[in-house]
Asks: 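Quick one: the structure is below, and I'll ask about it shortly.
Computation of the quantities below employed the complete heavy-atom set of this structure, encompassing side-chain atoms and omitting hydrogens, waters and symmetry-equivalent molecules. We're numbering straight along the sequence, starting at 1. All ligand and atom numbering here is 1-based and tracks the order in the structure.
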Amino acid sequence: MKVAPSVLSADFGNLQRDVEAICEAGCDFVHVDVMDGHFVPNLTIGPVVVSAIAKSATKPLDIHLMVENNTFFVDLFAPLKPEYISFHIEEEKHPHRLIQKIRSLGIKPAIVLNPHTPPEALEYLLRDLDMVLLMSVNPGFGGQSFIDSVVLKAKKLSAMRDKINPNCLIEVDGGVSDKNVHLLKEAGVDIVVAGSYVFNHTNKKEAIESLKI
Ligand code: DX5
Ligand code: ZN
């Protein structure tokens, strides 16, 4: 299992210290939650702060857009050269076009599904994706409880992925801890995002290692 700690749970007064700490503690990606106050009822960070994160990070960025105007935000963050940009299918009229645009910028495209969105929504998109991100909470906040229907969804998606595009990774985001990571592993998940679990732990290295199963 690969681990992408979410900096949403970092101490923003000590962002450089916290980003360096998770990278030194062995994370695989640095997960960045971008919220616009429209698609979700919360507002986070823009390119000024994300570029500071990128400077401190020694691991690739995984940018999760929770915004209304995806194309505008893709253009805003592309110069920071993240590994992934993921956007919500619920907020995109032309997901296939946006996948192509993200790829043309040299970034791996990913789509996010909210808890209610079935994996079948991706049937004709999966072949063009590098990753699918399944939300295991309603997007907007860290520290929420894990919605366990995501396990069955991950299993279904994993079967679709094996048929259509075996190279496409599956990531799960929200309420992930050492209590549920085993279920996710069994369901075929490749990457977990963990915010509060990693940042509230007294030892970040221990927390990250407990998810690398
Ligand atoms: C929620 C974000 C998550 C969140 C995860 O909208 O997408 O990345 O920060 O935090 P935890 O692990 O605390 O649920
Ligand atoms: Zn996220």
Asks: Is there at least one pair of N or O atoms, one from His64 and one from ligand 1, spaced under 3.5 Å apart?
Replies: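 Indeed, backbone or side chain, His64 has an N or O that close.
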Asks: For ligand 1, which atoms, with element, lie under 4.0 Å from some heavy atom of Gly174?
Replies: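 Numbered from 1, ligand 1 contributes 14 (O).
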Asks: Pairing donors with acceptors under 3.5 angstrom, does anything connect the side chains of Tyr197 and Ser210?
Replies: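 There is such a pair between these side chains.
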Asks: Centre of Tyr84's six-membered ring, under 6.0 Å away, within 45 degrees of the axis: is that where NZ or CZ of Lys108 sits?
Replies: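 Yes - Lys108 lies over the ring of Tyr84, closer than 6.0 Å to its centre and within 45° of its axis.
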Asks: Say whether Phe141 and ligand 1 are in contact under the criterion: heavy-atom distance to a ligand atom below 4.0 Å.
Replies: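 The answer is yes: ligand 1 sits under 4.0 Å from a heavy atom of Phe141.
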Asks: Is there a donor-acceptor pair closer than 3.5 Å between any side-chain N or O of Asp28 and the backbone N or O of Lys2?
Replies: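 No; judged by distance alone, with no hydrogens or angles, the pair does not exist.
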Asks: Give the residue, atom name and distance (to 0.1 Å) of the protein heavy atom nearest atom 6 (O) of ligand 1.
Replies: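 Checked against all protein heavy atoms, atom 6 (O) of ligand 1 sits closest to Gly140 N, 2.7 Å.
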Asks: Look at atom 12 (O) of ligand 1 and say which protein heavy atom is nearest, naming residue and atom and giving the distance to 0.1 Å.
Replies: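 Here the nearest protein heavy atom works out to Gly195 N, 2.7 Å.
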Asks: Check each atom of ligand 1 against the heavy atoms of Met135 and keep those under 4.0 Å away; list them by number with element.
Replies: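 In order of numbering, the contacting atoms are 7 (O).
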Asks: With heavy atoms of Gly143 as the reference, note each atom of ligand 1 found under 4.0 Å away.
Replies: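 Reading through ligand 1 atom by atom, the close ones are 11 (P), 13 (O), 14 (O).
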Asks: Counting only heavy atoms not in Arg17, do more than 12 sit closer than 6.0 Å to its CZ atom?
Replies: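 Yes, CZ of Arg17 has more than 12 neighbouring heavy atoms, counting only those of other groups under 6.0 Å.
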Asks: Would you mind listing which atoms of ligand 1 come within a distance below 4.0 Å of any non-hydrogen atom of His31?
Replies: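 So the answer, numbered in order with elements, is 8 (O).
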Asks: State whether the side chain of Lys185 and the backbone N or O of Leu211 hold a donor-acceptor pair below 3.5 Å, judged by distance alone.
Replies: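 Here the side-chain-to-backbone pair does not exist.
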Asks: For atom 10 (O) of ligand 1, which protein heavy atom lies nearest, and how many Å away is it?
Replies: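 Of the protein heavy atoms, Gly142 CA, 3.6 Å lies nearest.
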Asks: Any non-hydrogen side-chain atom of Glu171 less than 4.5 Å from a side-chain atom of Val132?
Replies: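 Answer no - side chains too far apart.
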Asks: Taking atom types as modelled and ignoring hydrogens, do the side chains of His31 and Asp33 form a donor-acceptor contact shorter than 3.5 angstrom?
Replies: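 Asp33 and His31 do have a side-chain donor-acceptor pair below 3.5 Å.
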Asks: To the nearest 0.1 Å, how far is atom 2 (C) of ligand 1 from its closest protein heavy atom, and which atom is that?
Replies: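 Answer, as residue, atom name and distance: Asp33 OD1, 3.4 Å.
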Asks: If only atom types and distance count, is the side chain of Asn42 paired as donor or acceptor with the main-chain N or O of Gly140 below 3.5 Å?
Replies: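 Yes, Asn42 side chain to Gly140 backbone: donor-acceptor pair under 3.5 Å.
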Asks: What is the name of the N/O/S atom in His64 that sits closest to the Zn ion (ligand 2)?
Replies: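 In His64, the N, O or S atom with the shortest distance to the Zn ion (ligand 2) is ND1.
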Asks: Are the side chains of Val137 and Met135 in contact, using a 4.5 Å heavy-atom criterion?
Replies: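 Contact flag for Met135/Val137 side chains = yes.
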Asks: Enumerate the atoms of ligand 1 whose separation from the nearest heavy atom of Met35 is less than 4.0 angstrom.
Replies: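 What qualifies from ligand 1 is 6 (O).
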Asks: I'd like to check whether Ala194 has a polar contact with ligand 1, where a contact means an N/O of the residue lying under 3.5 Å from an N/O of the ligand.
Replies: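 N/O-N/O distance under 3.5 Å: no.
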Asks: What atoms in ligand 1 come closer than 4.0 Å to a heavy atom of Ser196?
Replies: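 The atoms of ligand 1 under 4.0 Å from a heavy atom of Ser196 are 11 (P), 12 (O), 13 (O).
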Asks: Given Asn42, Asp173, Val34, identify the one with the heavy atom nearest to atom 8 (O) of ligand 1.
Replies: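 Residue with the shortest heavy-atom distance to the ligand atom: Asp173.
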Asks: Below 4.0 angstrom, N of the basic side chain to O of the carboxylate: do Asp128 and Arg103 qualify?
Replies: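 Salt bridge absent between Asp128 and Arg103.
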Asks: Can you check which of Ala10, Gly175, Pro139, Pro5 brings a heavy atom nearest to atom 14 (O) of ligand 1?
Replies: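 Minimum heavy-atom distance to atom 14 (O) of ligand 1 goes to Gly175.
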Asks: Counting from 1, what ligand 1 atoms have a heavy atom of Val193 closer than 4.0 Å?
Replies: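 The atoms of ligand 1 under 4.0 Å from a heavy atom of Val193 are 8 (O).
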Asks: Could you please compute the angle at the Zn ion (ligand 2) from OD1 of Asp33 to NE2 of His31, rounded to 10°?
Replies: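 Nearest ten degrees: 90°.
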Asks: Can you find a heavy atom in the side chain of Thr71 that is under 4.5 Å from one in the side chain of Leu98?
Replies: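 Yes - at least one pair of side-chain heavy atoms lies under 4.5 Å apart.
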Asks: Do Val74 and Lys101 make a side-chain contact, defined as non-hydrogen atoms from C-beta onward lying under 4.5 Å apart?
Replies: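 Val74 reaches Lys101 side chain to side chain.
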Asks: If I consider every N, O or S atom in Asp173, which one ends up closest to the Zn ion (ligand 2)? I only need its name.
Replies: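 The closest N, O or S atom of Asp173 to the Zn ion (ligand 2) is OD2.
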Asks: Nearest protein heavy-atom contact for atom 9 (O) of ligand 1: which residue, which atom, what distance?
Replies: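 Result: Ser6 OG, 3.1 Å.
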Asks: Give yes or no for whether the N/O distance cutoff of 3.5 Å, strictly under, is met between Met66 and ligand 1.
Replies: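 Checking ligand 1 against Met66, no N or O pair falls under 3.5 Å apart.
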Asks: Is there a donor-acceptor pair closer than 3.5 Å between any side-chain N or O of Asn180 and the backbone N or O of Ser177?
Replies: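 Checking the backbone N and O of Ser177 against the side chain of Asn180, a donor-acceptor pair under 3.5 Å is found.
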